[in-house]
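Keep in mind that the numbers below use all heavy atoms, side chains included, and drop hydrogens, waters and symmetry copies.
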Amino acid sequence: MEKAMKPVYGGQAVVEGVMFAGRRHSVTAIRRKDKSIEFFHVPRQTNPTLATLKKIPFIRGIIAILEASANGAKHFQFASERYDLDPNEDNIQNEAKKESSRLSIVLSVAVVGILSFLFGKFLFTMIPAFLANFTKPIFPSKMAQIFVEGAFKLLLLLLYIYFISLTPLVRRVFQYHGAEHKVINAFENGVPLTVEHVQQQSRLHYRCGSSFILFTVIVSVFVYMFVPVDPLWVRIVNRLALIPVVLGISFEVLQFTNRLRNVPVLRWLGYPGLWLQLLTTKEPTDDQVEVAIASFQQLLRLEEQEATKVAR
């Protein structure tokens, strides 16, 4: 019961660091070139309309995804700009210059983050549809076309993840992704947030965005059964129109499997997402886990301070 009452936190790996988000704040910690840890903090703004929409099943998932894309883009931008700079080159003039245009930068990065997510989703939806259409002489039936399209989508996803993971930078991001999961697992399991204890935790987590991406592939197969696949232009139009539907249902499936993860017979429902995380996470080093712990503890401090203010 005590574990169930704990607040839910999300996270994201960034370049040489980890971002964690709570109800009122999001914090990133990165490792600088001099081995120091630098923090980036963004208060989470409350919008009454969005808060209402996030209470509606199937719609709340779309809002949460767009918010996460916008917020994650801000933190990824910070990490990308700061991690490789020599701390000795930091100066007050540069900081003041950045501060003067911080609002416009944050807004533009948030918009780019959302557009990047939508564009990526567009490509991963459209390319499999075109490829499957070319196989119609071999797989002419509607059901066969839907399954072939799903297979192409899954193959494209796996190949994309595999090839980007071969680059040193992305591999390190995947290690920080593993560190993020270990910290969340340690917190949810009531384990002390020390490097030694956190390293003993799994690098996989049911609530991961990687699982969500895989669920969109699986859910789309079932959703597409209710719409035509011919002619090609109709197929393209309905695939685009159904993107919000697939996202909304996939989010609910992700939440559902997370609630069942401690039920012995039903926990396997989340296993496909966990298997994909074997590609999107890597075992982190102690230094990387240290950064993830610092980020999470900083978030906990800010959330506690905010809760104290509200209580007063």
Side-chain angles (χ1 to χ4, degrees), residues 3 6-31 37-44 61 64-80 82-83 110 113 117 170-191 193-195 197-214 251 254-255 257-258 261 270 273-274 276-304 306:
K3 187 183 294 186
K6 286 186 176 181
V8 175
Y9 296 103
Q12 174 185 319
V14 296
V15 180
E16 290 303 322
V18 175
M19 181 273 283
F20 285 106
R23 292 184 61 188
R24 300 179 179 90
H25 300 274
S26 57
V27 174
T28 285
I30 62 169
R31 181 78 71 181
I37 296 176
E38 181 176 351
F39 296 96
F40 176 64
H41 165 230
V42 178
R44 301 189 72 175
I65 293 161
L66 294 179
E67 274 192 333
S69 299
N71 189 52
K74 301 172 194 174
H75 290 268
F76 208 92
Q77 177 81 2
F78 159 78
S80 300
R82 300 290 293 173
Y83 87 97
F117 168 79
V170 173
R171 180 176 178 82
R172 288 190 62 81
V173 171
F174 284 180
Q175 285 181 289
Y176 277 107
H177 191 190
E180 173 223 326
H181 285 180
K182 284 175 178 278
V183 169
I184 289 293
N185 282 325
F187 172 76
E188 294 180 345
N189 293 329
V191 174
L193 294 179
T194 64
V195 173
H197 287 93
V198 169
Q199 280 284 39
Q200 296 172 5
Q201 301 298 302
S202 171
R203 76 177 200 260
L204 312 179
H205 196 283
Y206 271 79
R207 234 176 25 250
C208 177
S210 302
S211 298
F212 170 77
I213 294 173
L214 183 61
F251 182 85
L254 180 66
Q255 299 302 309
T257 58
N258 183 59
R261 62 177 172 168
L274 296 179
L276 182 61
Q277 290 175 46
L278 294 174
L279 287 178
T280 63
T281 65
K282 303 294 181 185
E283 284 293 334
T285 64
D286 288 352
D287 285 348
Q288 292 169 327
V289 169
E290 182 185 12
V291 173
I293 293 173
S295 177
F296 190 64
Q297 289 179 329
Q298 178 73 353
L299 174 66
L300 292 180
R301 283 191 288 269
L302 290 170
E303 292 282 299
E304 184 177 351
E306 191 73 23

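- The CG atom of L299 sits 8.0 Å away from the NE2 atom of H25 when rounded to the nearest 0.5 Å.
- Here the straight-line distance linking atom CD of Q199 with atom CG of D286 works out to 5.0 Å at 0.5 Å rounding.
- Between the side chain of R23 and the backbone N or O of E303 there is no donor-acceptor pair closer than 3.5 Å.
- In summary, of the residues considered (Q277, E180, E188), a side chain to side chain donor-acceptor pair (under 3.5 Å) with H205 occurs for E188 alone.
- The main-chain N or O of L254 is found under 3.5 Å from a side-chain atom of T257 such that the two form a donor-acceptor pair.
- A donor-acceptor contact shorter than 3.5 Å links the side chain of R44 to the backbone of G22.
- The distance from atom OG of S210 to atom CG of L279, rounded to the nearest 0.5 Å, is 9.0 Å.
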- Could you please spell out the steps behind the side-chain contact (heavy atoms from CB on, under 4.5 Å) verdict for I30 and F40? CA-CA 8 Å; I30 62 169; F40 176 64; over 6 Å; no

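- Taking CD from E290 and CD1 from I37, the interatomic distance works out to 4.5 Å, rounded to the nearest 0.5 Å.
- Aromatic ring pairs are classed by plane angle as parallel below 30°, tilted from 30° to 60° and perpendicular above 60°; the pair F212 and F251 is perpendicular.
- When R172, R31, Q288 are each tested for a side chain to side chain donor-acceptor pair (under 3.5 Å) with E16, only one passes: R172.
- Summarising the geometry of V173 relative to V15, their closest heavy-atom pair is CG2-CA, 4.2 Å, with the distance given to 0.1 Å.
- When all heavy atoms of A292 and V183 are compared, the closest pair comes out as CB-CG2, 3.7 Å.
- Note on E283 versus R203: salt bridge recorded, some NZ/NE/NH1/NH2 to OD/OE distance being below 4.0 Å.
- For S295 (side chain) and V27 (main-chain N/O), a donor-acceptor pair under 3.5 Å exists by modelled atom type.
- Closest approach of S26 to M19, counting heavy atoms only: CB-SD, 4.3 Å.
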- Between H75 and Q12, does a side-chain contact (heavy atoms from CB on, under 4.5 Å) hold up when you go through it step by step? CA-CA 9 Å; H75 290 268; Q12 174 185 319; 5.7 Å; no

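- The heavy-atom pair separating V198 from L193 by the smallest distance is CG2-CA, 4.0 Å.
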- Message: Show, in sequence, the C-alpha distance, side-chain angles and deciding distance for R207 and V8, and conclude whether the side-chain contact (heavy atoms from CB on, under 4.5 Å) test is met.
- Response: CA-CA 10 Å; R207 234 176 25 250; V8 175; 3.4 Å; yes

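- Note that CD1 of I293 is 10.5 Å distant from NZ of K182, once rounded to the nearest 0.5 Å.
- No donor-acceptor pair under 3.5 Å is formed between the side chain of Q201 and the backbone N or O of H181.
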- Item | Chi angles and distances behind the side-chain contact (heavy atoms from CB on, under 4.5 Å) call for I184, Y9 | CA-CA 8 Å; I184 289 293; Y9 296 103; 4.0 Å; yes

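- The structure places OH of Y176 at 15.5 Å from OG1 of T281, a figure rounded to the nearest 0.5 Å.
- Around the CD atom of E304, the shell of radius 6.0 Å holds no more than 12 heavy atoms that belong to other residues, nucleotides or ligands.
- H177 contributes a side-chain N or O that, together with a main-chain N or O of T280, makes up a donor-acceptor pair within less than 3.5 Å.
- Contact between L204 and N185 at its shortest, heavy atoms only, is O-ND2, 3.0 Å.
- A ring-centre distance under 6.0 Å is found for F20 and F296.
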